[in-house]
Amino acid sequence: MKRISGNNKRQRGFTLLEVMIALLIFGVGLLTVAALQTVSKRANYEAVQRTTASFLALDMLERMRVNKGRLNRYTQGKMELGGGQRGVPGTLCTSLADACDGIDIANADLYEWEQRLDGVAEDQGGNATGGLLSPTACLDGPGGGGTGVYTVAIAWRGVTELTDPTADDCGDDTGLYGADNEFRRILVISAFIDAT
């Protein structure tokens with residue numbers, strides 16, 4: 001004889017409760033992936049800005065090395081650039097016919113470099129998009145432009161709040177980086193340049 005029991009029925013399919021739990025777990029996973037994507041984009045943007053600042057700082061130091069006879073024209077005390085402060089120089093020294101001396105080259109270098117800092121090389125809808133966000137650059141070196149250590153500091157606006165970096169005071173007083181400079185990012189590169 002076979003025993004008939006109500007517990008011998010086989011369960012088939014999923015219950016509604018199981019489906020809802022699976023959907024909840026899947027939804028939480030999707031939200032986590034979306035949050036991770038946002039964090040990743042923010043970190044990538046910060047890395048691009050830092051890379052751009054590094055490239056620009058090294059570019060200026062090389063320009064100064066090439067025109068070492070006029071190093072005083074690059075620093076002039078503590079030179080601060082960014083935001084289109086420099087006007088177009090009398091000559092841009094783009095050809096040999098311009099017959100530029102060291103002063104002309106320094107003025108053209110500073111103008112062109114500030115344009116790159118501000119991002120005018122890339123334009124989107126009339127807005128400069130190729131540089132840093134709210135940049136300020138400071139050039140410093142020995143008085144009179146002689147042999148010594150020259151420093152290029154570049155500050156820009158970051159995306160997230162951090163404590164104010166104390167590596168350099170470049171851009172501190174501009175008001176571009178929040179009330180307490182909590183959005184200020186800074187890169188400082190120093191190099192020895194032999195003026196002889």
Side-chain angles (χ1 to χ4, degrees), residues 1-62 78 80-86 112-140 151-191:
M1 238 201 275
K2 278 186 163 182
R3 287 176 36 191
I4 299 175
S5 169
N7 292 339
N8 285 340
K9 293 182 182 176
R10 292 186 188 201
Q11 182 180 3
R12 294 181 188 197
F14 296 102
T15 65
L16 184 57
L17 182 60
E18 289 170 329
V19 170
M20 288 176 57
I21 291 172
L23 285 174
L24 177 67
I25 292 170
F26 184 68
V28 168
L30 283 179
L31 288 174
T32 303
V33 169
L36 183 62
Q37 180 74 11
T38 302
V39 169
S40 174
K41 280 187 149 197
R42 207 174 278 151
N44 187 42
Y45 178 76
E46 292 278 358
V48 167
Q49 292 284 287
R50 184 162 298 282
T51 301
T52 301
S54 177
F55 170 77
L56 288 167
L58 292 173
D59 178 49
M60 178 47 73
L61 287 169
E62 287 305 311
K78 185 172 183 178
E80 196 167 294
L81 300 167
Q85 294 180 25
R86 294 193 68 84
E112 183 181 314
W113 190 73
E114 184 182 52
Q115 294 293 300
R116 288 185 180 177
L117 183 72
D118 292 337
V120 298
E122 295 178 36
D123 183 274
Q124 190 171 30
N127 295 320
T129 59
L132 299 170
L133 184 60
S134 302
T136 304
C138 303
L139 308 176
D140 199 8
T151 302
V152 177
I154 301 176
W156 68 95
R157 186 176 179 94
V159 179
T160 56
E161 291 185 28
L162 298 174
T163 57
D164 182 26
T166 58
D168 195 277
D169 63 351
C170 185
D172 251 352
D173 56 354
T174 60
L176 296 171
Y177 313 114
D180 296 323
N181 288 323
E182 65 271 16
F183 292 101
R184 185 170 77 113
R185 306 292 188 271
I186 191 158
L187 175 84
V188 180
I189 297 181
S190 297

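Quick caveat: nothing in here was measured; it's all calculated off a predicted structure. What you see below is based on every heavy atom in this structure, not just the backbone, and it leaves out hydrogens, waters and symmetry mates.
- Checked against side-chain contact (heavy atoms from CB on, under 4.5 Å), Y177 has the following partners two or more places apart in sequence or in another chain: S134, T136, A155, R157, T174, N181, R184.
- Put simply, the side chain of V28 reaches to within 4.5 Å of the side chain of T32, judged on heavy atoms.
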List the atom pairs, with distances to 0.1 Å, where a side-chain N or O of residues 41-51 and a protein N or O form a donor-acceptor pair under 3.5 Å, not counting sequence neighbours.
from, atom 1, to, atom 2, distance (Å)
E46, OE1, R185, NE, 3.4
E46, OE2, V159, N, 2.8
E46, OE2, R185, NH2, 3.2
Q49, OE1, L133, N, 3.1
T51, OG1, A47, O, 2.9

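- Atom CG of D59 sits about 12.0 Å away from atom OG1 of T52, to the nearest 0.5 Å.
- Remark: the backbone N or O of G82 is not paired with any side-chain donor or acceptor of D118 at under 3.5 angstrom.
- Looking at residues two or more places apart in sequence or on another chain, you find a side chain to side chain donor-acceptor pair (under 3.5 Å) between T151 and S190.
- When side chains are defined from C-beta on, L176 does not count as touching F183, because their heavy atoms never get closer than 4.5 Å.
- What you find for G83 and E114 is that their closest heavy atoms are N-OE2, 4.3 Å.
- By the side-chain contact (heavy atoms from CB on, under 4.5 Å) test, E62 is found to be paired with R65, residues two or more places apart in sequence or in another chain being considered.
- With sequence neighbours left out, D140 forms a side-chain contact (heavy atoms from CB on, under 4.5 Å) with K78.
- Of the inter-residue distances, the one linking C138 atom SG with D172 atom CG reads 9.0 Å to the nearest 0.5 angstrom.
- A donor-acceptor contact shorter than 3.5 Å is absent between the side chain of E182 and the backbone of L162.
- Applying the side-chain contact (heavy atoms from CB on, under 4.5 Å) rule to E112 yields the partners R63, R116; only residues at least two apart in sequence or on another chain are considered.
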